[in-house]
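Counting from 1, the numbers follow the sequence of the chain as shown.
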Amino acid sequence: MTPSFQELNEDDALARAETGAGLARKAGFTAEARAGIAAPTWDGVVQVADEIDAAAIVTGSRGFTGAKELVEGSVSHAVAEHAGRPVLIVPPPRADT
């Protein structure tokens, strides 16, 4: 049976989350990888943080600025606005590194 579009997205999200959780554990943090589909995306992140009573949320940033951020939106900024708990936004690597 061919996986659905949603299943493919969840599988990709979980693989990315596992990578991030592994890095967090390596740095000495307690981290759990989770994946799911939510609309809007920021709401799903906030719901899971509430569900597990996370001390903080760590999320990445795509590094958009100006008009591109206005058009594309910013999941990380929306999470920070609605989370009601500390949010660490990790920027993408600099192009010169």
To the nearest 0.5 Å, what is the distance between [atom1] on [X] and [atom2] on [Y]?
X   : Y   : atom1 : atom2 : value
E18 : R34 : CD    : CZ    : 12.0 Å
T19 : L14 : OG1   : CG    : 9.5 Å
Q47 : H82 : CD    : NE2   : 12.5 Å

Quick one: closest heavy-atom pair of [X] and [Y], and the distance?
X   : Y   : value
A38 : G44 : CB-CA, 3.5 Å
A55 : P86 : O-CD, 3.4 Å
A21 : A31 : O-CB, 3.8 Å
V75 : W42 : O-CB, 4.0 Å
E10 : G36 : OE1-CA, 4.2 Å

Would you call V45 and T59 a side-chain contact if the rule is heavy atoms closer than 4.5 Å?
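Side chain of V45 against side chain of T59, heavy atoms only: no contact under 4.5 Å found.
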D50 side chain near R85 side chain, heavy-atom distance below 4.5 Å
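Yes, side chains in contact.
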Between I57, V58, I89, which is the residue that forms a side chain to side chain contact (heavy atoms under 4.5 Å, CB included) with S76?
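So, applying the side chain to side chain contact (heavy atoms under 4.5 Å, CB included) to S76 and each of I57, V58, I89, only I89 qualifies.
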In terms of heavy-atom contacts, does CZ of R16 have more than 12 from other residues, nucleotides or ligands at under 6.0 Å?
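Not more than 12 within 6.0 Å, no.
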